[in-house]
Amino acid sequence: MARPPPDVFFDTDGGGSSPTAEEEEEDGRGSDIRSSSQPAEEPARQWRDVFWLFVFVIHLLAFGFVLFLLGMNRFGEVDRLKIDRFTNITNAASAAGGGDAPPPELTEKFWPMYGAAGAVGTALAWAWLVLGSRAGLMMKVSVHLLTTYLAVISVLCFWGEHFFWGVAFAVGAVLQFLYVMSVLDRFPFTMLVLQKSVKMVRDLPEVMKVAYAFLFIMLCWMALWSFGVSGIIASSMNDSITWWLLVIFSVSLFWTGAVLCNTVHVIVSGMVFLVLIHGDRSSASMPPKPLLKSLRFAVTTSFGSICYGSLFTAAIRTLRWEIRGIRSKIGSNECLLCCVDFLFHLVETLVRFFNKYAYVQIAVNGKGFNHSARDAWELFQSTGIEALVAYDCSGAVLLMGIILGGLVTGTCSGVWTWFRKSDEVLMVGSTAILMGMVLVGLAVVVVESAVTSIYICYAEDPSLIQRWDAEFFNQMSEALHQRLQYRSARARHIIMSSRFDQRSDTPSF
């Protein structure tokens with residue numbers, strides 16, 4: 001299983017190197033990384049996925065401007081910028097005719113509620129960063145508390161006569177419970193991977209500073225975002241238009257948060273890869289200021305690839321986890337198994353082009369997103385590591401922590417809104433949930449980056465993991481051996497069953 005030792009994109013004098021087009025053609029789809037023991041002058045990295053870089057920047061400028069206008073329109077006085085005449089003619093007419101029109105609302109009535117959401121989300125993110133060394137506690141809290149919390153919120157929604165949301169949270173609680181039951185046997189190995197990843201992160205205090213810096217950047221954007229959303233909720237638009245606007249701006253916030261999270265992912269992956277290549281962060285062969293170089297690549301030449309991948313990877317990963325969990329528990333129901341298998345193969349095809357391991361390849365090689373995703377997946381397929389990656393649930397467990405953080409944040413803002421203006425609880429609470437998820441996600445992505453980097457290094461050259469932690473290497477090797485044996489036995493069983501069915505269907509004369 002041993003492969004030639006991968007090279008690193010930093011040379012010993014601090015310069016980085018990336019493969020030329022001719023070298024990529026010769027090497028095929030492997031990881032083209034130069035050896036740190038053979039320093040070479042760094043060729044300039046090419047800008048990748050530039051179209052999506054421009055789309056993201058234009059999206060930020062346009063949405064930021066609109067958010068500022070919508071917030072200012074109701075800040076201090078009603079319809080300051082005279083926008084209401086374009087947004088809701090019906091309500092304006094009814095207000096002019098007298099009637100029992102509700103009193104006008106202002107942006108500053110709802111903005112403090114979002115401020116509370118930002119404060120709670122930041123506190124939870126800080127707690128994850130500080131207490132992240134307790135991997136066992138992280139898993140137990142995320143797995144067990146999330147199901148209970150979803151069920152409690154469902155009951156509260158039914159009590160408040162919000163039947164749609166009550167059903168939605170109840171279904172979420174059931175799906176969460178079923179998923180946990182379906183992967184319960186994988187938790188010991190998942191615990192092991194999380195513990196070692198946390199150990200790696202704790203030995204790199206620089207990456208913790210990166211997480212805090214990006215958390216502050218996200219808070220600055222959220223201040224503007226919540227200002228505009230508060231103006232939308234305070235406006236005189238009818239509920240249907242208000243909800244559509246909230247959905248649009250929530251998608252914008254999700255994309256922005258995903259981009260910042262994945263930028264941290266790329267930075268941390270570059271640092272972790274360097275530590276594994278050189279054996280230790282204090283090694284004499286470690287290049288000077290590796291964090292700054294990784295940061296420069298992430299926010300310049302590779303930023304377009306990060307923007308592109310951030311659109312799709314989260315949704316596809318979540319869908320893949322759910323389908324894998326359901327598929328593993330289906331018995332002899334051939335019709336259901338056929339339908340789930342179709343969805344499974346469809347999602348697996350998408351994962352080939354959109355997976356989180358692409359960000360490690362982006363950090364190391366500076367390739368485009370699709371090229372990096374394909375290389376990472378083919379590396380896993382060719383070495384058999386994909387069996388181990390599929391068995392590991394660390395990504396799902398970390399996602400549970402993100403969702404739980406969002407729900408706690410939304411609950412705190414929702415309770416405050418209930419006492420201030422009960423009919424706006426769902427609008428404020430649902431958007432506050434998203435704010436909390438984004439903030440906690442920025443803290444959790446540090447650990448997830450270490451997980452993905454460990455798998456890439458193990459696939460590239462297992463001796464890198466063995467040199468870093470021999471006991472962990474033996475445990476991973478044993479788990480991989482068991483998973484490959486399981487897959488071989490399952491494949492033989494399917495083949496034998498297929499042959500038996502064919503013989504049974506053959507008429508005898």
Side-chain angles (χ1 to χ4, degrees), residues 9 16-25 27-29 31-32 42-68 214 217-218 220-221 224-225 247-270 293-319 346-347 349-378 434 438 441-442 445 449 452:
F9 68 107
S17 64
S18 64
T20 62
E22 292 78 7
E23 288 170 334
E24 281 192 9
E25 290 289 334
D27 269 352
R29 295 185 174 120
S31 292
D32 314 312
E42 174 191 6
R45 283 198 177 190
Q46 296 182 6
W47 288 74
R48 307 290 185 177
D49 299 310
V50 178
F51 171 77
W52 291 102
L53 170 61
F54 281 112
V55 170
F56 179 73
V57 172
I58 293 172
H59 142 266
L60 279 185
L61 295 175
F63 274 66
F65 179 71
V66 173
L67 285 167
F68 178 76
F214 276 79
I217 294 172
M218 191 69 246
C220 292
W221 176 255
L224 175 60
W225 185 87
V247 169
I248 292 171
F249 286 108
S250 294
V251 171
S252 169
L253 180 63
F254 175 82
W255 189 20
T256 305
V259 168
L260 291 181
C261 286
N262 290 325
T263 303
V264 176
H265 193 341
V266 170
I267 296 170
V268 176
S269 296
K293 187 170 288 293
S294 184
L295 174 63
R296 179 169 62 86
F297 287 149
V299 299
T300 55
T301 55
S302 297
F303 195 64
S305 299
I306 295 171
C307 297
Y308 174 48
S310 300
L311 275 172
F312 309 103
T313 50
I316 293 174
R317 284 167 52 201
T318 305
L319 185 60
L346 177 62
V347 172
T349 301
L350 293 174
V351 168
R352 177 184 175 87
F353 297 99
F354 299 98
N355 60 73
K356 62 182 180 180
Y357 302 96
Y359 296 111
V360 183
Q361 297 280 6
I362 290 172
V364 176
N365 296 316
K367 301 176 183 177
F369 183 84
N370 284 141
H371 193 178
S372 298
R374 186 185 67 228
D375 285 355
W377 203 245
E378 291 187 358
L434 180 60
V438 170
L442 274 168
V445 75
S449 301
T452 56

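The closest donor-acceptor contact from the side chain of Arg48 to the backbone of Phe369 lies at 3.5 Å or more, if one exists at all.
Taking both residues in full, the closest heavy atoms of Gly270 and Ser294 are given as CA-OG, 4.1 Å, listed atom of the first, atom of the second, then distance. Here the closest heavy-atom approach between residue Leu442 and residue Val264 is recorded as CD2-CG2, 4.2 Å. Nearest heavy-atom pair across Ala358 and Ser372 is O-CB, 3.5 Å.
Partners of Ser305 by side chain to side chain donor-acceptor pair (under 3.5 Å), not counting sequence neighbours, listed by chain and number: Asp49. By the side-chain contact (heavy atoms from CB on, under 4.5 Å) test, Ser449 is found to be paired with His265, Val268, Ser269, Val445, residues two or more places apart in sequence or in another chain being considered.
If you take SG on Cys307 and CZ on Phe54, they are separated by 11.5 Å, rounding to the nearest 0.5 Å. A distance of 9.0 Å separates CH2 in Trp225 from CE in Met218, rounded to the nearest 0.5 Å. Atom CG of residue Asp375 and atom CG of residue Asn370 lie 11.0 Å apart, to the nearest 0.5 angstrom. Annotation: the span from Thr452 atom OG1 to Asn355 atom CG amounts to 10.0 Å, rounded to 0.5 Å. Separation of atoms CG (Asn262) and OH (Tyr359) is listed at 3.5 Å; rounding is to 0.5 Å. Note: Leu53 CG to Phe51 CZ = 11.0 Å, rounded to the nearest 0.5 Å.
Annotation: side chain of Trp221 is not in contact with side chain of Leu260 (no heavy-atom distance under 4.5 Å). Taking 4.5 Å as the limit, some side-chain heavy atom of Phe297 sits within range of a side-chain heavy atom of Lys293. Side-chain contact check for Trp47 versus Thr300: some heavy-atom pair is nearer than 4.5 Å. For the pair Phe303/Val266, no side-chain contact is recorded, criterion being any heavy-atom separation below 4.5 Å from C-beta on.
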So Phe56 and Trp255, ring-ring contact (aromatic ring centres under 6.0 Å, His included) or not? Walk me through it. CA-CA 9 Å; Phe56 179 73; Trp255 189 20; 5.2 Å; yes

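Ring geometry for Phe249 versus Phe63: interplanar angle over 60°, hence perpendicular rather than tilted (30 to 60°).
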